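Given the structure is predicted, the values throughout are model-derived calculations rather than measurements. We name chains A, B, ... by the order of the sequence lines, and we start the count at 1 in each one. Reckoned from all heavy atoms, side chains included, excluding hydrogens, waters and symmetry mates.
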Protein chains: 2
Amino acid sequence: MNRQFDQIQMEPAYRKVAAAIGGRILDRTLREGDRLPPETELARQFGVNRSTVREALRELESNGLVMRRAGSKLMSVTRPQHFAIAGAVTRGLVMHDVTFREVWEALTLLEPPIAESAARARTADDLAVITAAAERFASDNAATEKAAHGSAEFFRSVGAATHNQVLMLAQEPLLQLLEPSLRVMIDDVPQARSRIITAQRKVSEALHARDTDGARTWMAKHIRDFRKGFEIAGIDLEHRIRVGES
Amino acid sequence: MNRQFDQIQMEPAYRKVAAAIGGRILDRTLREGDRLPPETELARQFGVNRSTVREALRELESNGLVMRRAGSKLMSVTRPQHFAIAGAVTRGLVMHDVTFREVWEALTLLEPPIAESAARARTADDLAVITAAAERFASDNAATEKAAHGSAEFFRSVGAATHNQVLMLAQEPLLQLLEPSLRVMIDDVPQARSRIITAQRKVSEALHARDTDGARTWMAKHIRDFRKGFEIAGIDLEHRIRVGES
DNA sequence: GATTGCCGGTTTGTCCGACAATCATACGAT
DNA sequence: ATCGTATGATTGTCGGACAAACCGGCAATC
């Protein structure tokens with residue numbers, strides 16, 4: 001007799017409306033690209049005020065289920081973009097005081113198998129994208145800003161080669177969290193760039209040769225290098241990651 | 001001269017307000033548990049109408065950055081709950097027509113290293129939770145509903161033992177997507193339960209002994225078993241996962 | 001023929017004012 | 001000390017309003 005009654009909770013109308021529309025999107029009654037009726041019409045159909053509909057739309061919008069296509073007024077149904085979803089995850093992790101160590105450890109676990117899987121599933125097109133990303137990093141000696149981004153892009157291109165959306169999406173928040181610390185590291189550790197270039201080349205070659213073992217081990221080495229770089233740069237691994245306003 | 005001008009984009013006021021409040025939360029000016037001022041006060045401070053503030057609040061709310069504590073009117077700042085964040089990811093993946101195969105493959109890559117890491121990092125408390133989850137699954141021969149949930153709970157408890165929030169959060173969407181198919185599988189494959197029980201026990205024992213290899217390999221076996229189960233149950237691995245309205 | 005200017009109808013973004021229901025709190029009665 | 005009540009604050013929802021932006025079509029112009 002711990003608790004006799006369940007807590008009774010009222011759901012405000014705006015959430016019911018959001019759930020109703022969201023449900024239709026999830027079950028594909030509303031398909032991607034379909035345009036939602038105007039707000040006044042929705043208000044009429046649901047029998048609520050337009051303000052209520054608008055609150056519901058904001059909820060759907062920030063869930064990425066609907067968005068306004070550029071230069072159009074009507075909301076249209078969209079599949080949430082990977083980047084946006086991962087952004088929410090990233091925010092969540094930041095709020096939970098995630099540390100560099102946790103991110104690095106997750107990369108250690110996740111990236112080598114991803115590389116291995118990519119070695120199996122990659123197509124010629126994937127390979128082109130991957131090598132292009134590696135070459136861009138190698139040739140672009142410009143701002144560290146760009147270098148950090150370029151490194152993350154390499155991981156993304158490898159992830160894409162797995163043709164597995166779940167993996168790509170699992171990987172994305174890690175990359176978003178990695179980038180800021182990478183900026184500091186690349187700046188403070190002179191040999192970082194060349195080591196990254198080497199690792200990227202080795203991984204690319206392994207993927208080219210469909211060498212699963214090579215891809216996995218070089219990727220593992222690549223990630224281990226990051227840690228060394230962090231230590232050399234004097235970045236405290238237990239430090240909480242902050243976000244630098246994007 | 002591909003494009004001379006960047007697209008100029010207007011940001012509506014409700015999004016600016018949301019960004020302003022959200023920024024304060026992310027940079028910890030507003031801490032968890034802090035209560036937001038009432039809507040009228042926010043409207044006054046930002047110089048906008050209360051309706052506009054409300055739309056902004058809906059956005060923050062569905063991002064999990066603020067919520068109303070039970071039986072309170074004022075919004076308070078919260079860290080997004082893992083389950084909620086993962087829910088958004090799950091929705092996103094469903095919208096992207098993710099297949100059973102992709103989920104299973106991701107589990108294959110992710111779970112064994114998680115088990116290995118758990119074998120290293122687990123505390124006595126973690127172990128208690130894990131074995132409790134395993135025992136609950138073994139003794140609870142009730143509805144398949146519960147069994148599927150119990151299996152997912154086992155993975156969660158192992159994930160928690162890594163003490164790595166990034167891993168837990170990466171794992172969560174997989175479990176949410178796994179559950180529905182697990183329900184079907186456990187129903188249709190008679191030997192599924194006993195095989196799951198065995199695998200859970202073996203993994204638990206390995207974690208107990210801090211046997212990293214054992215934990216990894218048994219977890220890998222556990223996941224491979226799922227695939228066999230799916231095949232026996234005649235579940236098409238390439239089938240898109242749908243969500244059964246929660 | 002293609003571009004430009006203009007027009008009316010829609011739709012959104014934002015505002016204002018309003019009210020019932022709920023919550024917080026203090027105060028007084030038992 | 002517990003309970004009921006009054007009072008004020010706050011939210012959820014409503015109705016109505018208006019400017020700005022978008023859409024489609026049509027006429028005028030080069």
Side-chain angles (χ1 to χ4, degrees), chain A residues 4-25 30 33-78, chain B residues 1 3-25 30 33-78:
Chain A
Q4 222 77 341
F5 294 102
D6 281 350
Q7 193 167 216
I8 166 161
Q9 67 232 30
M10 271 284 299
E11 234 190 345
Y14 62 79
R15 202 164 303 153
K16 279 189 189 163
V17 172
I21 300 177
R24 289 298 182 87
I25 295 176
L30 289 168
D34 285 358
R35 274 187 292 191
L36 258 49
E39 296 171 353
T40 48
E41 173 61 17
L42 287 172
R44 198 190 57 73
Q45 287 188 30
F46 285 109
V48 299
N49 192 274
R50 187 162 80 98
S51 309
T52 305
V53 169
R54 283 180 66 80
E55 293 188 34
L57 287 178
R58 291 299 88 75
E59 199 163 315
L60 294 169
E61 192 178 38
S62 76
N63 276 1
L65 290 180
V66 306
M67 66 176 293
R68 202 178 318 288
R69 262 188 308 215
S72 168
K73 308 218 89 163
L74 269 58
M75 286 288 195
S76 51
V77 176
T78 57
Chain B
M1 54 146 149
R3 214 201 263 157
Q4 222 77 343
F5 294 102
D6 281 349
Q7 193 166 217
I8 169 164
Q9 67 234 28
M10 272 285 298
E11 237 191 343
Y14 62 79
R15 202 165 301 153
K16 278 189 189 163
V17 172
I21 301 176
R24 290 300 182 85
I25 295 176
L30 290 168
D34 285 0
R35 273 186 292 191
L36 257 47
E39 295 170 353
T40 47
E41 173 61 18
L42 287 171
R44 197 190 58 73
Q45 287 188 32
F46 284 109
V48 300
N49 191 273
R50 188 163 79 99
S51 309
T52 306
V53 169
R54 284 180 65 81
E55 294 188 36
L57 287 179
R58 292 297 88 75
E59 198 162 318
L60 294 170
E61 192 178 38
S62 77
N63 275 1
L65 290 180
V66 305
M67 65 174 295
R68 202 179 318 287
R69 262 189 306 215
S72 167
K73 307 217 92 163
L74 270 60
M75 287 287 197
S76 52
V77 176
T78 58

Worksheet entry | Value in whole Å for how far the P atom of D/dG15 lies from CZ of A/R54 | 16 Å
Worksheet item: Counting just side-chain N and O atoms, does B/R68 come under 4.0 Å of either OP1 or OP2 of D/dT11?
Response: no
Worksheet item: Would one find a side-chain N or O of A/T40 under 4.0 angstrom from OP1 or OP2 of C/dT12?
Response: no
Item to complete: Find the distance A/M67:CE to C/dT12:C1' and express it as a whole number of Å.
Response: 16 Å
Practice prompt. Would you mind reading off the distance between B/L36 atom CG and D/dA9 atom C1', rounded to a whole angstrom?
Written response: 16 Å
Practice prompt. Find which nucleotide of DNA chain D each of B/L74 and A/G47 is nearest to by heavy atoms, and output the residue with the more 5' nucleotide.
Written response: B/L74
Worksheet item: Rounded to the Å, how far apart are A/Y14 OH and D/dG12 P?
Response: 5 Å
Practice prompt. Go through the N and O atoms of the side chain of A/R50 and the base of C/dG13, and report whether any donor-acceptor pair is under 3.5 Å.
Written response: yes
Discussion item. Set out, in order, the CA-CA distance, both residues' side-chain angles and the distance that settles side-chain hydrogen bond (donor to acceptor under 3.5 Å, both in side chains) for B/S62 and A/S62, then state yes or no.
Written reply: CA-CA 7 Å; B/S62 77; A/S62 76; 2.2 Å; yes
Practice prompt. Specify the separation, in whole Å, of atom CZ of B/R44 and atom C1' of D/dT10.
Written response: 16 Å
Fill in: Atom pair distance, as rounded to whole Å: CZ in B/R69 and P in C/dC23
15 Å
Worksheet item: CG of A/N49 versus C1' of D/dT13: gap in Å, rounded?
Response: 7 Å
